[in-house]
Amino acid sequence: MTTYHRKMLQLPLPGVLLVWLMLWLVAPAQADSPAFKDKVAVVTGSSYGLGRELALLGASEGMKLVLVDVRPEPSQQLAEQIRSQGGQALVLEVDLADPEQRAGLIERARVEYGQVDFLFNNAGYSYLARLDEMDMDKARHQMEVNFWAYADLAQQAIAVMREQDGGTILNVSSILGMRPAPANLGHYAATKHALHGLFQSAAQELQADNIKIFIAAPAGMRTHISRHSTGPQANPEVDRAADWEDPAIAARDIFDMIQGEQVVFNPGYIGRQ
């Protein structure tokens with residue numbers, strides 16, 4: 001028995017608890033988990049909200065990051081922060097609504113880091129309109145970002161992950177992909193329902209390839225979704241997300257759940273009820 005342990009045994013119980021609490025506070029939370037350390041992760045929509053929190057958490061776990069966003073400046077700042085702390089991160093400016101810009105995105109990540117172990121399909125926005133006032137082109141644009149980009153990048157990732165004998169694809173949906181949506185959110189909800197339909201099937205298709213597919217369906221989080229909303233019912237002056245949940249909570253739940261087998265889950269307070 002070491003001198004340290006003998007002294008610990010001599011402390012009264014409250015003193016022991018205080019020492020352990022202090023050690024826990026100064027230790028990094030679940031840092032460099034074997035499940036994530038040195039793994040390469042592509043994160044779309046990394047500049048704000050949940051995407052940013054997933055990137056921060058990935059960096060704390062020792063992952064190498066490829067940050068993808070149409071508004072790259074905040075992601076550039078995040079990448080600089082990660083690199084200053086000894087991590088690895090690069091940023092790709094990509095408009096995910098443009099198939100030509102999406103082409104080869106996963107391969108660019110593989111060339112940079114040698115592999116792609118995780119794809120966090122997270123980017124998205126809301127087009128707010130009643131069905132009778134829908135602009136078809138704008139509705140299609142949202143579907144391109146919120147659904148087809150997910151399918152496209154997943155297809156690219158599958159090809160790489162098969163060569164590596166496995167990988168993980170996490171798709172960020174919404175509780176509105178599982179429940180009826182309020183007025184004006186039908187188009188957004190439709191993109192999320194589509195994700196559930198495609199990727200629940202893909203989860204079964206890819207089991208033999210050791211590629212895990214997950215669908216995270218959080219409830220409302222504090223993001224820039226109001227600021228970036230479009231459509232006749234959008235009002236950027238009203239931040240409907242101001243009182244919603246901290247996305248860091250959902251990010252932590254996602255990292256926990258993608259180590260399991262449950263394909264569809266609700267991170268955050270909905271999943272914890």
Side-chain angles (χ1 to χ4, degrees), residues 28-31 33 35-36 39 41-63 65-69 71 74-75 78 81-82 89 96 117-126 145-147 149-150 153-154 168-179 181-182 185 188-189 191-196 199-200 203 212-229 239-273:
Q30 301 187 27
S33 163
F36 304 115
K39 303 298 185 181
V42 176
V43 183
T44 69
S46 54
S47 285
Y48 305 102
L50 181 59
R52 175 181 172 82
E53 297 299 334
L54 288 169
L56 281 169
L57 188 52
S60 75
E61 297 280 7
M63 300 178 93
L65 297 167
V66 179
L67 309 180
V68 180
D69 207 289
R71 300 176 180 88
S75 288
L78 178 59
Q81 173 187 330
I82 291 169
L96 292 173
D117 304 289
F118 291 84
L119 167 61
F120 292 98
N121 266 329
N122 166 75
Y125 74 100
S126 59
V145 174
N146 289 18
F147 174 73
Y150 282 49
L153 296 186
T168 298
I169 299 172
L170 180 282
N171 304 283
V172 177
S173 175
S174 165
I175 195 69
L176 297 184
M178 304 173 70
R179 299 181 182 178
L185 279 163
Y188 176 81
T191 68
K192 301 304 184 179
H193 278 276
L195 290 176
H196 284 257
F199 285 105
Q200 286 185 88
K212 290 188 173 183
I213 302 290
F214 296 97
I215 306 164
M221 295 177 292
R222 291 197 302 272
T223 68
H224 285 197
I225 191 167
S226 294
R227 187 180 304 177
H228 296 158
S229 292
D239 186 359
R240 66 183 191 275
D243 298 325
W244 292 354
E245 186 175 29
D246 183 351
I249 298 172
R252 180 70 268 172
D253 287 351
I254 286 170
F255 267 69
D256 289 341
M257 294 299 289
I258 61 176
Q259 297 179 72
E261 302 296 330
Q262 184 175 336
V263 173
V264 181
F265 58 89
N266 302 111
Y269 70 87
I270 291 294
R272 297 180 181 193
Q273 289 180 352

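Computed from a prediction, not measured in an experiment: that's the story for all the values here.
Evaluation of the salt bridge (charged side-chain N to carboxylate O under 4.0 Å, His left out) test over residues 257-268, restricted to residues two or more places apart or in two chains, returns Lys212-Glu261.
Ile169 CD1 to Asp117 CG: the interatomic distance, rounded to the nearest 0.5 Å, is 11.5 Å. From Leu50, atom CG reaches atom CG of Leu54 across 4.0 Å, with rounding to the nearest 0.5 Å. A distance of 10.0 Å separates CG in Leu67 from CZ in Arg52, rounded to the nearest 0.5 Å. Note that the CG atom of Leu96 and the CG atom of Asn122 stand 10.0 Å from one another [nearest 0.5 Å].
With hydrogens and angles ignored, the 3.5 Å screen pairs a side-chain donor or acceptor of Gln200 with a backbone N or O of His196. Side-chain N or O atoms of Gln262 include one that pairs as donor or acceptor with a backbone N or O of Val264 at under 3.5 Å. A donor-acceptor pair is defined here as one N or O able to donate and one able to accept, closer than 3.5 Å; such a pair exists between the side chain of Ser75 and the backbone of Ser47. Not one N or O on the side chain of Asn266 forms a donor-acceptor pair closer than 3.5 Å with the backbone of Pro218. Between the side chain of Asp69 and the main chain of Ser46, a donor-acceptor pair closer than 3.5 Å is present. Judged purely by atom type and a 3.5 angstrom limit, His193 uses its side chain to pair as donor or acceptor with the backbone of Leu176.
Proximity of Leu153 to Val42: side-chain heavy atoms (C-beta onward) are nowhere separated by under 4.5 Å. Within the 4.5 Å cutoff, the side chain of Ser173 has no heavy atoms near those of the Phe199 side chain. Considering only heavy atoms from C-beta on, Ile258 comes within 4.5 Å of Phe118 through its side chain.
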Give the C-alpha distance, both sets of side-chain angles, the deciding distance and a yes or no for side chain to side chain contact (heavy atoms under 4.5 Å, CB included) between Tyr150 and Leu195.
CA-CA 8 Å; Tyr150 282 49; Leu195 290 176; 3.5 Å; yes
Between Leu119 and Leu170, does the side chain to side chain contact (heavy atoms under 4.5 Å, CB included) criterion hold? Intermediate values first, please.
CA-CA 6 Å; Leu119 167 61; Leu170 180 282; over 6 Å; no
Please walk me through it: do Phe265 and Ile215 pass side chain to side chain contact (heavy atoms under 4.5 Å, CB included)?
CA-CA 7 Å; Phe265 58 89; Ile215 306 164; over 6 Å; no
Asn171/Ile213 under side chain to side chain contact (heavy atoms under 4.5 Å, CB included): CA gap, chis, key distance, verdict
CA-CA 8 Å; Asn171 304 283; Ile213 302 290; 3.9 Å; yes
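Between Ala123 and Thr44, the closest heavy-atom pair is N-OG1, 3.0 Å. Closest heavy-atom contact between Ala35 and Gln259: CB-OE1, 3.7 Å. Scanning both residues, Ala149 and Asn121, for their nearest heavy atoms gives O-OD1, 4.5 Å. The two residues Asn146 and Gly124 come nearest to each other via the heavy atoms OD1-CA, 3.2 Å. Considering every non-hydrogen atom in both Val172 and Lys192, the closest pair reads O-NZ, 3.3 Å. Among all heavy-atom pairs drawn from Met257 and Phe214, the shortest one is O-CE2, 3.8 Å.
No salt bridge links Glu245 with Arg252; every basic N to acidic carboxylate O contact stays at or beyond 4.0 Å.
Scanning for ring pair (Phe, Tyr, Trp, His ring centres under 6.0 Å) contacts around Phe255 gives Phe36, Phe120, with sequence neighbours left out.
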